[in-house]
Amino acid sequence: MSVRSFLVFGCFLFVLISFASAVNLDISCTNTTQCGGTGTRCEGGICRCDTPWYSPCGTTECRLNPSFVYEGKACRVDANCLNNAVCDNQQCKCKQDFTAINGLCYKSLNVSCSSASECWSNECRNNVCQCPSRFQPKGDNSRCSITLAKLYVNWTAANETGDFCYSGLGFAACQAIQAVCMSNAPNQESFCQCQPPFVANYNTQEC
């Protein structure tokens, strides 16, 4: 086939596809089938796009609006729903193994995963949804709470259990109220110590 013939054939195919998917907007109707195409409806005797799931593009096309419908809300096709949900009986519902949290679908703790975005904890480790480092499951696994570090006399003692702390997280890092999370040497992990003039009692874990 010559280049000219290929171009002519391509244009002809494009016209056929456009014709097949074209819709008739703003014309009188008595039922939706008269409007043609996808994403239309006959409303008030006029062909319109089936908003908000489809939006008009000119007068011959209704374009799909993807990924904007929350769980439990009305939809037309799967693509309308936000991630990890499908359109079932015109309602967005979470896929199997996913749970709705504030209208979004996530996997719970201890459920298999392939990416962090699937987990409400945003932590997929060893292909399982888990709490982030330094956090632990709480209650019915519906949330993760910070694991507070103990007091240690020096870095060596903290290193034996790996119970280091992390400052700058926006919440307390140490169990003892008067303790601070700090390092005694450059490039060394921080551990919990009592700030002067408080003295540590390592048995009761108090300052």
Side-chain angles (χ1 to χ4, degrees), residues 1-132 135 137 140-144 170:
M1 180 184 294
S2 67
V3 174
R4 179 181 177 85
S5 298
F6 178 79
L7 291 175
V8 171
F9 175 76
C11 291
F12 177 71
L13 182 62
F14 176 78
V15 170
L16 284 179
I17 294 175
S18 299
F19 178 78
S21 60
V23 300
N24 302 311
L25 298 179
D26 299 328
I27 65 170
S28 299
C29 60
T30 56
N31 59 72
T32 297
T33 57
Q34 296 173 333
C35 302
T38 301
T40 59
R41 68 181 176 192
C42 182
E43 181 181 17
I46 300 293
C47 285
R48 309 180 191 278
C49 287
D50 192 14
T51 57
W53 306 280
Y54 293 85
S55 295
C57 181
T59 59
T60 59
E61 182 182 1
C62 290
R63 289 188 177 178
L64 172 72
N65 289 328
S67 303
F68 78 100
V69 180
Y70 288 93
E71 187 274 340
K73 301 299 182 180
C75 57
R76 291 296 180 266
V77 293
D78 290 348
N80 291 146
C81 303
L82 288 165
N83 290 347
N84 307 322
V86 295
C87 189
D88 184 11
N89 291 326
Q90 296 194 345
Q91 185 180 61
C92 287
K93 298 180 181 179
C94 292
K95 296 178 180 177
Q96 185 176 355
D97 295 329
F98 287 84
T99 303
I101 300 177
N102 296 327
L104 301 176
C105 298
Y106 295 103
K107 287 185 175 179
S108 299
L109 297 179
N110 302 322
V111 176
S112 61
C113 56
S114 57
S115 67
S117 61
E118 294 180 347
C119 309
W120 64 256
S121 62
N122 200 35
E123 183 81 15
C124 181
R125 194 165 62 252
N126 298 324
N127 294 323
V128 176
C129 290
Q130 303 183 40
C131 288
F135 286 77
D140 59 353
N141 288 338
S142 62
R143 59 194 178 109
C144 297

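These numbers come from a predicted model, not from an experiment.
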[X] side-chain N/O to [Y] backbone N/O, donor-acceptor pair under 3.5 Å:
{"X": "Asn31", "Y": "Thr33", "answer": "yes"}
{"X": "Gln130", "Y": "Arg125", "answer": "yes"}
{"X": "Asn84", "Y": "Tyr106", "answer": "no"}

Could you list the residues that satisfy side chain to side chain donor-acceptor pair (under 3.5 Å) with [X], not counting sequence neighbours?
{"X": "Gln91", "value": "none"}
{"X": "Arg63", "value": "Glu61"}
{"X": "Ser28", "value": "none"}
{"X": "Ser112", "value": "none"}

Can you tell me how far [atom2] of [Y] sits from [atom1] of [X], rounded to the nearest 0.5 angstrom?
{"X": "Ile46", "Y": "Ile27", "atom1": "CD1", "atom2": "CD1", "answer": "8.5 Å"}
{"X": "Ser121", "Y": "Lys107", "atom1": "OG", "atom2": "NZ", "answer": "12.0 Å"}
{"X": "Leu25", "Y": "Cys57", "atom1": "CG", "atom2": "SG", "answer": "10.0 Å"}

Can you check whether [X] and [Y] have SGs under 2.5 Å apart?
{"X": "Cys124", "Y": "Cys129", "result": "no"}
{"X": "Cys119", "Y": "Cys113", "result": "no"}
{"X": "Cys47", "Y": "Cys29", "result": "no"}

Validation: residues 95-103 side-chain donor-acceptor distances under 3.5 Å, sequence neighbours left out:
none

Original post:
Can you name the closest pair of heavy atoms from Tyr54 and Cys49 and give their distance?
Top reply: O-CB, 3.9 Å

**OP:** For Cys92 and Tyr70, work out which heavy atoms get closest and say how close.
**Re:** CB-O, 3.6 Å

**OP:** Check whether any side-chain heavy atom of Thr40 lies under 4.5 Å from a side-chain heavy atom of Thr32, and answer yes or no.
**Re:** yes

**OP:** Evaluate the disulfide (SG to SG under 2.5 Å) criterion for residues Cys144 and Cys131: first the C-alpha distance (whole Å), next the side-chain angles of each, then the deciding distance (0.1 Å), finally the verdict.
**Re:** CA-CA 6 Å; Cys144 297; Cys131 288; 2.0 Å; yes

**OP:** Carefully, step by step, assess Trp120 and Leu109 under the rule side-chain contact (heavy atoms from CB on, under 4.5 Å).
**Re:** CA-CA 8 Å; Trp120 64 256; Leu109 297 179; 3.6 Å; yes

Please tabulate, for the side chains in residues 71-82, all donor-acceptor contacts under 3.5 angstrom to protein atoms that are two or more places apart in sequence or on a different chain.
unit_1, atom_1, unit_2, atom_2, d
Arg76, NE, Asp50, OD2, 2.7
Asp78, OD1, Cys87, N, 2.7
Asn80, OD1, Arg76, N, 3.0
Asn80, OD1, Val77, N, 3.2
Asn80, ND2, Asn65, O, 2.8

